[in-house]
Amino acid sequence: MKPRIVVLTGAGISAESGIATFRDSGGLWEQHRIEDVATPEGWLRDKELVNRFYNMRRKQAAEVAPNEGHKALVRLEEKFDVHIITQNVDNLHERAGSTKVLHLHGELSKVRSTVDPNLVYEVGDRQIAIGDKCEKGSQLRPHIVWFGEAVPAIEEATRIAEMADIFMVIGTSLQVYPAAGLLHFAAADIPKYLIDPNADEVAGVFNLTVVKEKAGIGVPQVVDALLKSPSLL
Ligand code: APR
């Protein structure tokens, strides 16, 4: 049985691929305010604007590529049972080759019905139009968890975090809950790594090694160390 590594990732792991992080850009996404493009109220106010915003992000995500950080996590699968829990809505982990990826905040490449949330459609980088409908005749919306909406995958993510033998956090400001709380579900006595050029110690987290590096440098460093000594446990 391979030891289980749980990896919580945020926008920072995709930064070197060319996707802007949220909080480094002063809280604006491509010059839009969060409340206008990433809330249910914003959608009700201006579906065209929200749809344009996600069409642009969907197109951009398809034009970039996984970086050394994403690729190093794939190498971990040689000796570890790797579960990635990501706050990112791009599919760079999957395109790098990671096999177990749980998206907490949805996925850009998917849209869903506005009358039946179980009707989810894979659209890749296709541009969606207002007027595109689900099989029940309702407008399609981005399959994204907007601010103020529930995070359906959080229960599964918590169970995964509780079972970790090693916990890694990469490229997240740990400011958005419930995602940020997952680190606290990891057992106190297991090794934990925080990889982020601006990282500081996290209060109340034991056994934490902070690697103040960009993901493209820090993740391969930690992965190489873990692969050399899986008996770390
Ligand atoms: N490598 C690693 N980390 C980086 C890099 C890099 N090259 N560049 C920036 N970072 C770090 C920043 O220091 C910051 O801590 O990535 C983090 C990005 O934080 P945020 O922009 O807040 O992104 P994230 O934590 O993923 O946001 C969480 O909030 O915006 C909403 O729903 C959205 O999923 C998102 C959630």
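Values below: all heavy atoms of this structure, side chains included; hydrogens, waters and symmetry mates excluded. Counting starts at 1 for both ligands and their atoms, following the listed order.
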Polar proximity ligand 1 side, Gly12 side, N/O cut 3.5 Å exclusive: yes
Which residue and heavy atom of the protein sit nearest atom 19 (O) of ligand 1, plus the separation: Ser173 N, 3.3 Å
Protein contact of atom 27 (O) of ligand 1 - nearest heavy atom, named by residue and atom, plus distance: Arg23 NH1, 3.0 Å
Heavy-atom proximity to atom 17 (C) of ligand 1, best of Gly69, Gly171, Ala20: Gly171
Glu16: numbered ligand 1 atoms lying under 4.0 Å from its heavy atoms: 1 (N), 6 (C), 7 (N)
Partner residues of Thr114 under the side chain to side chain donor-acceptor pair (under 3.5 Å) criterion, sequence neighbours left out: Ser138
Minimum-distance protein heavy atom relative to atom 28 (C) of ligand 1: Gln87 OE1, 3.2 Å
Heavy atom of the protein closest to atom 36 (C) of ligand 1 (residue, atom name, distance): Val176 CG2, 3.7 Å
Where ligand 1 meets Ala215 - atom numbers and elements under 4.0 angstrom, heavy-atom basis: 1 (N), 2 (C), 6 (C)
His105, any N or O under 3.5 Å of ligand 1 N or O: yes
Nearest non-hydrogen protein atom, atom 8 (N) of ligand 1: Ala15 CB, 3.8 Å
Note: Arg45-Glu41 ion pair, threshold 4.0 Å (strictly below): no
Contact atoms of ligand 1, heavy-atom distance to Asn198 under 4.0 Å: 12 (C), 13 (O)
Aromatic ring pairing Trp43/Trp146, orientation class (parallel under 30°, perpendicular over 60°, tilted between): tilted
Asn88 N/O to ligand 1 N/O under 3.5 Å: no
Sidechain N-carboxylate O distance under 4.0 Å for Asp81, Lys100: yes
Salt-bridge contact Arg159-Glu162 (side-chain N to carboxylate O under 4.0 Å): no
Glu213-ligand 1 polar pair, N/O distance under 3.5 Å: no
Residue and atom name of the nearest protein heavy atom (relative to atom 9 (C) of ligand 1), distance in Å to one decimal: Asp24 OD2, 3.4 Å
Connected hydrophobic set around Val120, excluding itself, where side chains approach under 4.5 Å: none
N or O contact, Gly10 vs ligand 1, cut-off under 3.5 Å: no
Side-chain donor or acceptor of Asp224 paired with backbone N/O of Gln221 under 3.5 Å: no
Whether His32 and Phe53 hold their rings parallel, tilted or perpendicular, with breakpoints at 30° and 60°: perpendicular
Shortest protein contact, atom 25 (O) of ligand 1 (heavy atom only): Thr172 OG1, 2.7 Å
Lys136/Asp116 salt bridge by N-O under 4.0 Å criterion: yes
Pair Lys212 + Asp196, salt bridge at N-O below 4.0 Å: no
Which residue and heavy atom of the protein sit nearest atom 14 (C) of ligand 1, plus the separation: Asp196 OD2, 3.5 Å
Contact (N/O only, under 3.5 Å) between Phe22 and ligand 1: yes
Single hit among Val211, Thr86, Leu8, Ile13 for side-chain contact (heavy atoms from CB on, under 4.5 Å) with Ile170: Ile13
Pair Glu94-His103, side chain to side chain donor-acceptor pair (under 3.5 Å): steps then yes or no: CA-CA 11 Å; Glu94 292 90 338; His103 286 268; 2.6 Å; yes
Atoms in ligand 1 with a heavy atom of Phe147 nearer than 4.0 Å: 31 (C)
Short N or O distance, Ala11 and ligand 1, threshold 3.5 Å exclusive: yes
